[in-house]
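The structure appears below as structure tokens.
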Amino acid sequence: MLFAGCLDIPDKPNTESQLESIDVVVLQAGKEDSTLLKIRPNDSSEVRVVVYPRQYRKQLSFQWSRVIGDSSYVLGEGSEYTIAPNTDRDKIPNELQVMDEAGNSLKKDFEIFVNMEPILSSTTIPANEDTLYGNTHTAFLFKWKSYDNDSFDDGKLEHTLIIDGVYHPVGRLTEIRQSGFNEGQHSFQVIVFDTFGDSDTLAPMTFYVVDTLGGMQ
């Protein structure tokens, strides 16, 4: 469980209200993420606490920590914590402690994922403006290379091959053979996705098919 209970925030003597929720969100490049808590390593970002009802926020204090094994390291205090570009992952908080004026406290565990976007190599088969020789029965090779520097995405990249405007999801394959091409100009493109939905798109490539077999197999 992330919460052991709710903090009691006194409004007035003899009355009592409860804090309904405390959430952690990340903000990067003007976009807020409250679900995946995903950031890019090369840009600065902020971790923020969202309190509901909001009027209780000023009555609370917040402490951001990094928990590694049995050890906990305080990184900062306040309702926001800034993560500088290329910050070491041990300096990114994964625990928030919330305290009220009466000395009550609770802790919320969370995980911020530092995700680098996948990359497609510009080297492909066929290369841009290549001429291929065959006919509609010839299975031409399409091959590309993608990679990701995130260890949790290793071998898990998904691809979509676009041929003449038609999308072909091919999963984790990085090469296929395809036939059925008439003589003339054609196009293809590749999109790669990682497990977080981040992607890279190869610029459209053009290739030409020349029928040297007169339609024969």
Side-chain angles (χ1 to χ4, degrees), residues 25-47 83-92 111-217:
V25 302
V26 295
L27 184 69
Q28 188 172 58
K31 296 182 180 180
E32 186 176 283
D33 180 1
S34 60
T35 53
L36 295 177
L37 301 183
K38 174 177 64 67
I39 62 174
R40 297 182 304 276
N42 298 329
D43 300 320
S44 63
S45 58
E46 287 185 353
V47 191
I83 302 173
N86 301 311
T87 294
D88 187 273
R89 300 198 184 199
D90 290 344
K91 302 297 183 182
I92 297 176
E111 189 67 35
I112 295 175
F113 292 95
V114 180
N115 185 58
M116 300 183 69
E117 297 175 350
I119 298 174
L120 280 164
S121 170
S122 59
T123 302
T124 62
I125 298 176
N128 192 37
E129 299 292 332
D130 265 0
T131 298
L132 309 181
Y133 299 93
N135 60 17
T136 57
H137 303 287
T138 305
F140 296 117
L141 175 65
F142 292 84
K143 187 174 182 178
W144 59 93
K145 174 67 176 178
S146 64
Y147 55 96
D148 199 326
N149 291 322
D150 298 310
S151 59
F152 46 79
D153 269 335
D154 186 30
K156 299 179 181 178
L157 299 178
E158 300 280 330
H159 306 86
T160 296
L161 177 63
I162 308 171
I163 299 178
D164 292 337
V166 180
Y167 286 67
H168 304 277
V170 295
R172 299 178 185 177
L173 296 177
T174 56
E175 63 177 85
I176 68 165
R177 289 188 176 273
Q178 181 67 35
S179 60
F181 294 98
N182 293 320
E183 189 172 40
Q185 179 177 313
H186 299 272
S187 67
F188 81 99
Q189 195 172 8
V190 182
I191 306 174
V192 60
F193 301 90
D194 65 14
T195 55
F196 285 100
D198 286 330
S199 63
D200 187 27
T201 303
L202 196 66
M205 301 281 190
T206 297
F207 65 97
Y208 303 89
V209 173
V210 174
D211 186 353
T212 57
L213 304 176
M216 300 178 60
Q217 297 189 24

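Owing to the predicted nature of the structure, the values given are computational and were not obtained by experimental measurement.
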What verdict does the side chain to side chain contact (heavy atoms under 4.5 Å, CB included) test give for Ile39 and Ile112, after you've listed the backbone C-alpha separation in whole Å, the side-chain angles of each residue and the deciding distance to 0.1 Å? CA-CA 7 Å; Ile39 62 174; Ile112 295 175; 3.9 Å; yes

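- Going from atom CG of Asp211 over to atom CG of Leu132 covers 12.5 Å, rounded to the nearest 0.5 Å.
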Would Val190 and Thr160 satisfy side chain to side chain contact (heavy atoms under 4.5 Å, CB included), going step by step from the backbone distance to the final call? CA-CA 6 Å; Val190 182; Thr160 296; over 6 Å; no

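- Annotation: the span from Met205 atom CE to Ile125 atom CD1 amounts to 11.5 Å, rounded to 0.5 Å.
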Let's go through Ile83 and Ser45 carefully: what are the C-alpha distance in whole Å and the side-chain angles of both, what is the deciding distance for side chain to side chain contact (heavy atoms under 4.5 Å, CB included) to 0.1 Å, and is it a yes or a no? CA-CA 5 Å; Ile83 302 173; Ser45 58; 3.5 Å; yes

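- By the 4.5 Å heavy-atom criterion applied to side chains, Asp200 and Phe193 are not counted as neighbours.
- In this structure, Ser199 OG and Ile119 CD1 are separated by 12.0 Å, a value rounded to the nearest 0.5 Å.
- For Asp194 (side chain) and Leu157 (main-chain N/O), no donor-acceptor pair under 3.5 Å exists by modelled atom type.
- Defined by atom type and a distance below 3.5 Å, a donor-acceptor pair is present between the side-chain atoms of Glu129 and Tyr208.
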Evaluation steps, side chain to side chain contact (heavy atoms under 4.5 Å, CB included), between Asn128 and Thr206: CA-CA 5 Å; Asn128 192 37; Thr206 297; 3.9 Å; yes

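- Side-chain atoms of Gln189 do not come within 3.5 Å of backbone N or O of Ala203 as any donor-acceptor pair.
- Taking both residues in full, the closest heavy atoms of Val25 and Leu37 are given as CA-CD2, 4.0 Å, listed atom of the first, atom of the second, then distance.
- Across all non-hydrogen atoms, the minimal contact from Leu141 to Pro126 is O-CD, 3.6 Å.
- Among all heavy-atom pairs drawn from Leu36 and Phe113, the shortest one is O-CD1, 3.4 Å.
- Annotation: side chain of Val26 is not in contact with side chain of Glu32 (no heavy-atom distance under 4.5 Å).
- Residues that satisfy the side chain to side chain donor-acceptor pair (under 3.5 Å) test with Ser146, not counting sequence neighbours, are His159.
- Applying the salt bridge (Lys or Arg N to Asp or Glu O under 4.0 Å) test to Lys91 and every residue at least two apart in sequence or in another chain returns nothing.
- When all heavy atoms of Leu120 and Leu202 are compared, the closest pair comes out as CD1-N, 3.6 Å.
- Under the salt bridge (Lys or Arg N to Asp or Glu O under 4.0 Å) criterion, Asp164 pairs with no residue at all, not counting sequence neighbours.
- A pairwise comparison of heavy atoms in Gly165 and Ser187 identifies N-OG, 4.4 Å as the closest pair.
- We find the CG-CD distance between Asp198 and Glu117 to be 5.0 Å, quoted to the nearest 0.5 Å.
- Glu111 pairs by the salt bridge (Lys or Arg N to Asp or Glu O under 4.0 Å) definition with nothing, not counting sequence neighbours.
- The nearest pair of heavy atoms linking Met116 to Asp148 is O-OD1, 3.3 Å.
- Within the structure, salt bridge (Lys or Arg N to Asp or Glu O under 4.0 Å) pairs that include any residue of residues 132-147 comprise Lys143-Glu175 (at least two apart or interchain).
- Counting heavy atoms from C-beta outward, Val209 and Asn182 have side chains that stay 4.5 Å or more apart.
- Using cut-offs of 30° and 60° for the angle between ring planes, the Phe142 and Phe188 rings count as perpendicular.
- Of the candidates Asn42, Val114, Asp43, Asn42 is the only one forming a side chain to side chain contact (heavy atoms under 4.5 Å, CB included) with Asn86.
- Partners of Asp33 under the side chain to side chain donor-acceptor pair (under 3.5 Å) rule, at least two apart in sequence or in another chain, are Thr35.
- Remark: the backbone N or O of Arg40 is paired with a side-chain donor or acceptor of Gln28 at under 3.5 angstrom.
- Not less than 6.0 angstrom separates the ring centroid of Phe140 from the ring centroid of Tyr133.
- For the pair Trp144 and Leu161, the minimum side-chain heavy-atom distance is below 4.5 Å.
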